[in-house]
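One structure is given below, encoded as structure tokens.
Values reported hereafter were calculated over all heavy atoms of this structure, with side chains retained and with hydrogens, waters and symmetry mates removed.
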Amino acid sequence: MLKNAIWITGAEGRLGSALVELLKKDMDNKVVGTDMDVDITNMDAVEQSMKVYRPNIVINCASISDADYCEQNMVQAYKVNALGARNLAAASRSLNAKIIQLSTDDVFSGKTTGQLTEFDQPDPQSVYGKSKYAGENYVKELNPRHLIVRSSWVYGAANESAKEDYFSYVIHHGKAGIPFEAPFDRIGSPTSADVLAGFISCLLDKTEYGIYHASCEGMCSRHEFATAILALTGYHTDLAKGYFSVENRGKISILLENLMMKMTEIYTMPQWFDELKAYIEKNKAAE
């Protein structure tokens with residue numbers, strides 16, 4: 001018996017591909033993944049797809065996440081990250097479908113000390129962060145059956161056409177034996193696409209709504225993350241050359257606190273290092 005009809009946008013991206021793989025394992029789910037084949041910035045295309053797929057859950061992973069590209073192409077960034085979210089929220093409401101909107105820690109400024117909860121006020125500084133926050137607001141306004149999931153430093157589980165993430169960047173340099181710079185002063189919580197997909201999966205059949213932070217527990221610098229990847233994959237850790245980045249002076253790194261997750265007790269995120277180790281071991285076994 002069909003349990004859920006799920007439409008995943010951005011299905012060829014890092015998280016989208018992990019979700020498609022995970023959710024299709026349940027034979028009671030009907031999973032449709034789209035990417036460039038459905039233009040979410042076109043309301044007619046979105047409404048037509050809704051009529052064809054008739055989902056009861058829409059998961060919007062579609063996004064322009066390259067911060068530099070967003071700064072140089074503001075209209076396109078807002079078109080995909082905000083207008084696309086608006087279209088999906090409005091169309092999903094017409095079918096009384098739940099929408100899960102993927103967002104980012106970049107909705108915060110990075111100027112506040114301590115960990116930020118779902119109850120802290122966003123203050124995005126970049127075009128990327130502002131466009132994603134605009135998307136959040138559209139989703140909140142247009143579909144009461146919404147979940148907004150913010151995460152950070154998501155790595156892994158993408159096809160070859162997807163943009164290289166930091167994990168892949170480090171692995172590439174490790175294999176080639178090429179030194180690279182890794183900042184000491186960029187701090188975050190690396191989160192695998194697999195564990196984030198697992199959290200989203202657990203939300204599907206629950207009556208939870210609102211905003212959830214979902215990043216692995218603990219924190220590290222980019223340099224610590226890079227050296228951990230190299231060590232766990234058997235490459236020379238001294239390839240990661242630590243430095244202090246000029247652009248980060250005066251900026252405090254953004255750290256998400258999974259407060260709603262802990263209050264509702266619906267899921268427990270692993271420590272970042274434990275998940276990184278598990279992710280690498282899983283991929284070694286699959287080779």
### Task
Can you see which heavy atom on V154 is nearest to which on S192, and at what distance?
CG1-C, 4.5 Å

#### Entry: Distance-only polar pair, side chains of R145 and Y209, donor-acceptor under 3.5 Å
yes

### Task
List the steps, then state whether side chain to side chain contact (heavy atoms under 4.5 Å, CB included) holds for V31 with I8.
CA-CA 7 Å; V31 181; I8 301 172; 3.8 Å; yes

### Query
Going only through I, L, V, M, F, W and Y residues with side-chain contacts under 4.5 Å, is there a path from L19 to F199?
yes

### Query
Do N143 side-chain atoms and V139 backbone N/O form a donor-acceptor pair below 3.5 Å?
no

### Task
Give a yes or no on whether M36 atom CE has more than 12 heavy-atom contacts from other residues, nucleotides or ligands under 6.0 Å away.
no

### Query
So, does K140 use its side chain to make a donor-acceptor pair with the main chain of H146 at under 3.5 Å?
no

### Message
Is the shortest side-chain heavy-atom distance between Y243 and P183 below 4.5 Å?
### Response
yes

### Query
To the nearest 0.5 Å, what is the distance between CD1 (I254) and CZ (F108)?
8.0 Å

### Query
Step by step, would you call Q48 with D44 a side chain to side chain contact (heavy atoms under 4.5 Å, CB included)?
CA-CA 6 Å; Q48 182 61 34; D44 289 339; over 6 Å; no

### Message
Looking only at the aromatic ring of each residue, does the gap between the centers of Y267 and Y212 stay below 6.0 angstrom?
### Response
no

### Message
What I'd like to find out is whether the side chain of I200 reaches to under 4.5 Å of the side chain of L15, using heavy atoms alone.
### Response
yes

### Query
When you measure from the side chain of N29 to the backbone N and O of K24, does any donor-acceptor pair fall under 3.5 Å?
no

### Query
Got D37 and D35 here, is their nearest side-chain heavy-atom distance under 4.5 Å?
yes

### Task
Find the distance between CD (E208) and CE (M261) and round it off to the nearest 0.5 Å.
11.0 Å

### Query
Where is the tightest heavy-atom contact between K98 and L204, given as atom of each residue plus distance?
NZ-O, 3.3 Å

Counting only pairs under 3.5 Å, give me each side-chain donor-acceptor contact of residues 231-242, with atom names and distances, residues two or more places apart or in other chains.
residue : atom : partner : partner atom : Å
T233    : OG1  : I229    : O            : 2.6
T233    : OG1  : L230    : O            : 3.3
K241    : NZ   : D238    : O            : 2.9

### Qualifying residue for ring pair (Phe, Tyr, Trp, His ring centres under 6.0 Å) with F167, from F225, Y155, W153, W272
Y155

### Message
Can you tell me how far apart NZ (K132) and CG (N81) are? Round to the nearest 0.5 Å.
### Response
5.0 Å

### Query
Any link between Y128 and Y138 through a network of hydrophobic side chains (Ile, Leu, Val, Met, Phe, Trp, Tyr) touching at under 4.5 Å?
no

### Query
Tell me, do D105 and R150 make a side-chain contact under 4.5 Å, heavy atoms counted?
no

### Message
Test your reading of the model: is there a side-chain donor-acceptor pair from E224 to the backbone of S221, 3.5 Å cut-off?
### Response
yes

### Query
Under the side chain to side chain contact (heavy atoms under 4.5 Å, CB included) test, which residues partner Y169, sequence neighbours left out?
E164, Y166, H173, F180

### Task
Answer yes or no: does atom NZ of K262 have more than 12 heavy-atom neighbours from other residues, nucleotides or ligands under 6.0 Å?
yes

### Any L102 side-chain heavy atom under 4.5 Å of S63 side chain
no

### Exercise: identify the closest heavy-atom pair between V195 and P270
CG2-CD, 3.5 Å

### Gap separating the CE atom of M269 from the CG atom of L196, nearest 0.5 angstrom
6.0 Å

### Task
Examine distances only and state if a side-chain atom of T191 and a backbone atom of S189 form a donor-acceptor pair shorter than 3.5 Å.
yes

### Query
Would S17 and V20 count as a side chain to side chain contact (heavy atoms under 4.5 Å, CB included) if you check the C-alpha gap in whole Å, the side-chain angles of each, and the deciding distance to 0.1 Å?
CA-CA 5 Å; S17 58; V20 170; 5.8 Å; no

### Least distance between heavy atoms, S109 atom then D123 atom
CB-O, 3.2 Å

### Task
Please indicate whether K277 has more than 12 foreign heavy atoms, meaning atoms of other residues, nucleotides or ligands, lying under 6.0 Å from its NZ.
no

### Task
Taking ring pair (Phe, Tyr, Trp, His ring centres under 6.0 Å) as the test, write out the residues that go with Y69, two or more places apart.
none

#### Entry: SB check D26 K3 (cutoff 4.0 Å)
yes

### Close side-chain approach of W7 to M50, heavy-atom, < 4.5 Å
yes

### Message
Test side chain to side chain contact (heavy atoms under 4.5 Å, CB included) on L23 and I59; report intermediate values, then the result.
### Response
CA-CA 12 Å; L23 298 180; I59 307 176; 4.0 Å; yes

### Side chain proximity check, I64 to N73, heavy atoms < 4.5 angstrom
no

### Query
Do V170 and I280 sit in the same hydrophobic cluster, where Ile, Leu, Val, Met, Phe, Trp and Tyr count as joined when their side-chain heavy atoms come under 4.5 Å apart?
yes

### Query
Would a distance-only check, ignoring hydrogens and angles, find a side-chain to backbone donor-acceptor pair under 3.5 Å from N87 to I40?
yes

### Message
Using the rule that Ile, Leu, Val, Met, Phe, Trp and Tyr join whenever any side-chain heavy atoms are under 4.5 Å apart, tell me whether I211 and L147 fall into a single cluster.
### Response
no

## Note on the structure
Nearest heavy-atom contact between T41 and L83 is O-CD2, 3.7 Å

### Query
Does G156 offer a backbone N or O that forms a donor-acceptor pair with the side chain of D165 under 3.5 Å?
yes

### Task
For the pair S201 (side chain) and A197 (backbone), establish whether a donor and an acceptor sit closer than 3.5 Å, ignoring hydrogens and angles.
no

### Query
Between OG of S131 and CE of M74, what distance do you get to the nearest 0.5 Å?
10.0 Å

### Minimum side-chain heavy-atom gap H213-Q115 below 4.5 Å
no

## Note on the structure
Output for pair (E257 CD, D120 CG), nearest 0.5 Å, gives 10.0 Å

### Query
Hey, is the main chain of T9 close enough, under 3.5 Å, to the side chain of T34 for a donor-acceptor pair?
no

### Task
Considering non-hydrogen atoms only, spot the tightest contact between P190 and C216 and give its length.
O-CB, 3.2 Å

### Message
Please tell me whether I99 and V32 are part of a single hydrophobic cluster in this structure, the criterion being side-chain heavy atoms less than 4.5 Å apart.
### Response
yes

